[in-house]
Amino acid sequence: MADAVPHSPFARVETQNVDFPALERAILQFWDEKDIFERRKARNAGRPRWSFLDGPITANNPMGVHHAWGRTYKDAYNRYFAMAGRDLRYQQGFDCQGLWVEVEVEKELKAEGKKLDAKRDIENLVPGDEPASIDYFVQRCKDRVDKYARVQTDQSIRLGYWMNWDRGDADWAERPDERKSYFTMSEGNNYTIWSFLKKCHHKGLIYRGYDVMPWCGRCGVGLSEMEMKEGYKLVGHKAAFVKLPLRDRPGENLLVWTTTPWTLTSNVGAAVNPDLTYLKVRLKDEVYYVAKGAFKLNRMEGGGDEDEPTPAAKKKTRDWLDGVPHLPSIEQHFKSKAGKGASYEVVGEVKGADLLGLAYRGPFDGLPAQNHEYGFPEEVAKVTRQGGQWPAVTAAAAHKVIDGGKDVTETEGTGIVHTAPGCGQIDYGWGRANGLPPVAPIDDAGTFVDGFGPLEGMNAADPATAEVVFEELKKADRLFATERYVHRYPHCWRCKTELLYRLVDEWFINMGPRNTEEGFRGDIMKVVDRVTFLPESLNGRARERDWLWNMGDWMVSKKRFWGLTLPIWVDDQDPTDFEVIGSREELKERAVEGWEEFDGHTPHRPWVDKVKIKNPRTGNLMSRIPDVGNPWLDAGIVAYSTMPADWRPADFITESFPGQFRNWFYALLAMSTMMSDGQEPPFKTLLGHGLVKDQFGKDMHKSEGNSIEFVAAADTGGTVRDAKGNPQPFAAIGADVMRWLYCRQNPAGNVNFGPDPADEVRARFILKLWNCYGFFCNYAALDGFDPGLPQVPACERADIDRWLLSDLQLLIKTARAAFERYDVMAFCLAAEEFVDAKLSNWYVRRNRDRFWSKTAELDEAGRRDKRAAYQTLHTVLLDLCRLCAPVIPFLTEVMWRNLRAGAGAESVHLTDYPAADEELVDAGLSEEMEAARGVVSLGLTARNAAGVNVRRPLAGLRVRPAGDAGRRAVDRFAALIADELNVKQVSLAEEPLLRRSAALNPKTAKARFKGKPEPAAAALAGMDPEAVAADLAAGMFALLGVPLTADDVILTEAAPGGWAGASDKGTQVAIDTRITPELRAEGLARDVVRFVQNARKDAGLDVADRIELFLGTDAELRAAIDAHWPTIAAETQAVRRLDAPPADGFTAAVAVDGRPLTIALRKV
RNA sequence: GCGCGUAUAGCUCAGUUGGCUAGAGCGCAGCUCUGAUAAAGCUGAGGUCCUUGGUUCGAAUCCAAGUACGCGCACCA
């Protein structure tokens, strides 16, 4: 460039094809090299604390994009509070123990060719050596956790999540207890849970219990409700109607129905609903009891247990499988059994209440299992006897009709429910309430144990077993009918095996009586009342309380291998005598055997199993139960196991909420309540957020190919499917785009993630911010702007500068308030509005010529004004960097490093969060600018309505503002409005500018006036439109006696001849559309400028290049060009006007308003 | 079945304490502007603010009932 430009400290900025992910990676390196994180921590050390507790991430696989939502929140709030000067802990955690890891390790082992079809195969990985097998398996689980914890660490760092990470091999060689992140498998974590369980035991809350729960025979493990819900499938089973003869009424039978025939071996009771009416149906020489409502019911119409008759249209047909015959009614069963020509006969009706207590003979009373006091097998009987709720009877002797209450309906089965307390949850409850002892037929592989005669050794899930049951029933004349039945039945989510309901021996924490606020349950509720749940709309406290109110006792045991070893030692001779050990030291003290073997190992299986203690009461040895713990114990203890006392309670936690009210949130609250004796909540504020869905709002599933790996989104790019299901490759999205996308979301809902939403976020915010930054830097560099010059006092800057600074202060206030109340979305939406509407589309656009002006051509005032513009934009960009730094730490760092121009902090993350400067706030000015923008918008509307380009200058604009702000705006910003709308003059009007007119809405007119709207239309035409409008607004307008609403009348506003108008919320504008020859010439000249600019661009010239210009055209256009040549020359950087095209120039032929124009230009 | 929540444009969603003509983005149609622009602006079509009733001068907003969907709990013989 010819002019001598002072050196500028600003680097030029690329605004096309920016590779944001690459910039981010460079920033990661910068942070490392300059120790930025350590320096941030050092700056804040010793200042007031802000305590964050990180919920542990399951270290079992690489991260997906769904992990990034919560982790973005965690980091954004951490960074905000760090910039706000608080001291933080920065400890992140890994969830290590549990079945999820076992599942993956099983897959690994299988892939290595190991035989692994059942749980027992794990115990035989080292053939014949169970402890060695378990040790190997547990070690593999530990290894897998380490491997993926490390992967997740690297990925979290890539996301920008600032934590005290374990980085090098040396860090990872440490024991989990010594690492910087916490690991739930650490000894500290496990022993702290021991102390929790011991505390529970002190209060008498730990008990060994039997309950019936869904069980997978292949995995040998019980499934929780959560796990069960994932495995429902529609399947067909053989169902049976079975006769239960009443002891004291010969020839009379209860008729029961079941879809699980194998449970008939364990039948103990029959439940009726006392309020229902039962029919006595005679068939041949026997009588059967069946619920009246069930008898003729169409059993293919599902889901109808309502009292009111349902409208036929609403009745839904039951889901059914092809090829399975539809169900007959019970009546049809009777008819078909009656045989040709014969029929059944209803011989009476009784109330269910009248059947209660009747004894009957069971279907398998000959089995040893049915003839054992207190139930079967022996272990079960032992517990039942000690429970004290059962009398000393055998199952066979206990058979009777019991009260099932409303749980017994007549819409399914016969209205009499076969009850097997050893095979069903509700049955177990009924059994306990009615003294029916439980008979538990199957072992942990799902096979019949001894005591079940012909069924011994058979698997309950095997269809052949049902056939054997039927054979036995037939022999005893107990089988009334069988049929194929289709229903949704739970399956194991891992191996797809049908689940069986099984009475199992598990360990529980007594939570206190259900549906009360008593006991442990009540203590937790009191703590819940002291924490804040966000976002408010989720009603988190109510959800948590609802769960606490309804939950059952906490089953803490799991019959698996990898996990917390429950510190429960049981007397070898007496299964009811147990102790809970609270620490490693206590165990060492109590150990009488096996300590040497255990010593030096983590408290995991199989090592801790070797330790035996002595029962002080009996002198017997006590052995640890083989169970491992519920993994929510691991995660729930972390408030105590990882946070020093002086950091408790945590100020803040945040996690995805679905499921967590009964999982992590619950475990955390429950365990902290116990550990602090109800004194202290684990956290003060909880922010929940929803789920990450794909870009169409569907659940992400690996199997459906719509989930996105974190690494793909951050760095490598990947492929998803588009709306039509075709593969849609996408480029890397980068961390900041992802982070902004998550932060701008409403946490109460789900977020749709994918390349399309990412593009939208990038275009709508990231690029706008970047372009404003690029504009500043590129002109500052070109111009040699020196940021070290003295600041022009704000009061001496242009209105638009002071307006932008004022609105910036408002944004700062919004930002601080939003972060303080954990509402980063409010900040993001406000920042987007500021950058888009105010900075990019108003301030930068309105002020471009101030930045373009040539310093050398300006007078002192002009130079000062230019400096003010640079300083204003510079200040705003610097503050925006700091404001947005918690959300988009990379991009703001890139910008900051250039914008700071060698002064100030080396990193934006070493700065303080901005504080608003009240002196810069000018509410009146903000209001006026807002009004001015409204007037401009209306003016553009008016131009558009008149069909006149903005390039064509017009003579005048009249404005009738609705209020005082508008009036002040027109006074103050007349020049701005005139310029923006390309009019010569802007003036205020006191009188209405637009004339209203009223017409009938043709859509409704015919209906209102019975097909003849013409007279009404004529009457309306004769009325005063203003009065019509007023009456309509008041809701009291009538025409020819017909009342009309605002929908019936179309009110329009128009400006008088030669003007075009528009109005909004009471503000009216009218623009003079009459074009004089002078205005026309000026407009043509502007067209010429635009075409020349295009030609320059096409010729590949730089903005600063000067040209010689030839313009060949007709007389009128030439006259316009002559009249406005100085403007054209200045705008297009033309130093000379040529009379003929230059020989070696760039030439373009265009049409200006229909006139030919030849442009020829040459760089000089 | 019990409890909680949600319902606003074709899609994704904003809408503070009730207030005048209910908004944004994307998509669609048309127009415009443009040497910071992967841009942007304007206009249009598209709304029973789920329905009904109530409170109020006034309801998308508050209250009640209903419907649909989601979630939690219980259950699925």
Side-chain angles (χ1 to χ4, degrees), chain A residues 13 15-18 225 232 239 256-260 263 270-271 305-306 404 406-409 412-420 423-427 487-490 537-540 542-543 545-547 549-552 657-659 661-662 695-697 723 745-746 748-752 756-757 759-764 766-768 770-779 825-826 829 832-833 836 840-841 844-845 848 851-852 936-937 939-945 947-951 1033-1035 1046 1051 1062-1066 1090 1093-1094 1096-1097 1101-1104 1131-1133:
Chain A
V13 171
T15 54
Q16 303 250 327
N17 303 315
V18 186
E225 282 288 320
Y232 273 98
V256 299
W257 174 79
T258 181
T259 57
T260 49
T263 64
D305 52 341
E306 52 275 84
K406 285 201 293 286
D407 289 327
V408 176
T409 68
E412 230 170 344
T414 62
I416 304 175
V417 177
H418 147 62
T419 302
C423 306
Q425 266 164 350
I426 197 166
D427 307 47
H487 58 165
R488 289 178 66 241
Y489 193 83
S537 65
L538 284 180
N539 247 325
R543 286 184 191 218
R545 285 193 67 105
D546 181 63
W547 162 253
W549 182 261
N550 290 307
M551 68 183 178
F657 65 83
F661 288 101
R662 63 167 181 275
Q695 60 187 6
F696 307 108
Q745 268 301 316
N746 184 346
N750 298 325
V751 56
N752 295 350
D756 293 351
D759 286 346
E760 200 181 317
V761 163
R762 193 184 300 107
R764 130 194 220 116
I766 302 285
L767 285 174
K768 274 184 196 148
W770 186 262
N771 285 329
C772 291
Y773 157 74
F775 173 86
F776 171 85
C777 291
N778 290 337
Y779 278 95
M825 163 180 153
L829 297 183
E832 286 182 3
E833 166 75 11
D836 178 30
S840 174
N841 280 314
V844 172
R845 191 162 62 82
R848 269 182 290 208
F851 293 92
W852 292 343
V936 167
S937 174
L940 289 170
T941 305
R943 287 195 82 116
N944 206 304
V948 186
N949 292 350
V950 180
R951 245 180 295 128
L1051 292 167
S1063 77
D1064 182 53
K1065 301 202 163 75
R1090 183 184 164 215
Q1093 300 289 33
N1094 283 343
R1096 285 181 57 111
K1097 211 171 179 178
L1101 300 189
D1102 188 77
V1103 188
E1131 294 279 328
T1132 63
Q1133 309 261 42

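Within every chain, numbering begins at 1; the chains are lettered A, B, ... in the order of the sequence lines, protein sequences first and strands thereafter.
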Side chain of [X] (C-beta onward), nearest among [options]:
| X | options | value |
| --- | --- | --- |
| Arg543(A) | A77(B), C42(B), C71(B) | C71(B) |
| Trp547(A) | A77(B), G25(B), C73(B) | C73(B) |
| Thr409(A) | C71(B), A77(B), G25(B) | A77(B) |

For [N] versus [M], give the span between their [atom1] atoms, rounded off to a whole number of Å.
| N | M | atom1 | answer |
| --- | --- | --- | --- |
| G53(B) | A14(B) | C1' | 29 Å |
| G15(B) | G23(B) | C1' | 7 Å |
| C63(B) | U56(B) | C1' | 12 Å |
| G46(B) | C26(B) | C1' | 14 Å |
| U12(B) | A74(B) | P | 32 Å |
| C13(B) | A60(B) | C1' | 15 Å |
| A59(B) | A22(B) | C1' | 12 Å |
| C50(B) | A7(B) | P | 8 Å |

- Look up atom OG1 in Thr15(A) and atom CG in Leu767(A), then write down how far apart they are to the nearest 0.5 Å. 9.5 Å

- Roughly how far, to the nearest 0.5 Å, is CD of Glu832(A) from OG of Ser840(A)? 13.0 Å

- Task: Answer yes or no: does a side-chain N or O of Asn550(A) lie under 4.0 Å from OP1 or OP2 of G3(B)?
- Result: no

- Under 4.0 Å between a side-chain N/O of Arg662(A) and OP1 or OP2 of C73(B), yes or no? yes

- Writing each nucleotide of RNA chain B 5' to 3' as (, ), [, ], | or . by Watson-Crick or G-U pairing under 3.5 Å yields (((((((..((((.....[...)))).(((((.......))))).....(((((..]....))))))))))))....

Rounding to an integer number of Å, can you tell me how far [X] [atom1] sits from [N] [atom2]?
| X | N | atom1 | atom2 | result |
| --- | --- | --- | --- | --- |
| Asn746(A) | U16(B) | CG | C1' | 14 Å |
| Asp759(A) | A38(B) | CG | P | 14 Å |
| Phe851(A) | U37(B) | CZ | C1' | 16 Å |
| Gln425(A) | C73(B) | CD | C1' | 13 Å |
| Asp836(A) | G23(B) | CG | P | 18 Å |
| Leu829(A) | U16(B) | CG | C1' | 13 Å |
| Glu760(A) | A39(B) | CD | P | 13 Å |

Validation row: [X], [Y] side chains within 4.5 angstrom (heavy atoms):
| X | Y | value |
| --- | --- | --- |
| Val256(A) | Val417(A) | no |
| Arg543(A) | Phe657(A) | yes |
| Trp770(A) | Val13(A) | yes |
| Met551(A) | Arg662(A) | no |

- Message: Pick the closest RNA chain B nucleotide for Arg762(A) and for Asn750(A) by heavy atoms, then say which residue is nearer the 5' end.
- Response: Asn750(A)

- Message: Between Gly413(A) and Phe696(A), which residue's closest nucleotide on RNA chain B lies nearer the 5′ terminus?
- Response: Phe696(A)

Within the distance-only criterion (no hydrogens, no angle test), does the side chain of [X] pair as donor or acceptor with the backbone N or O of [Y] below 3.5 angstrom?
| X | Y | value |
| --- | --- | --- |
| Asn778(A) | Gly774(A) | yes |
| Asn550(A) | Asp546(A) | yes |
| Gln745(A) | Val751(A) | no |
| Gln1093(A) | Glu1131(A) | yes |

Could you tell me whether [X] contacts a base, only the sugar-phosphate backbone, or nothing, with contacts defined as non-hydrogen atoms closer than 4.0 Å?
| X | value |
| --- | --- |
| Leu767(A) | base |
| Val18(A) | base |
| Asp756(A) | nothing |

- Item | Within the 6.0 Å centroid threshold, strictly below: Phe776(A) and Phe851(A) | no

- Message: Can you build the contact string for nucleotides 30-36 of chain B? Use B for base contact, S for sugar-phosphate-only contact, and - for no protein heavy atom under 4.0 Å.
- Response: --SSSBB

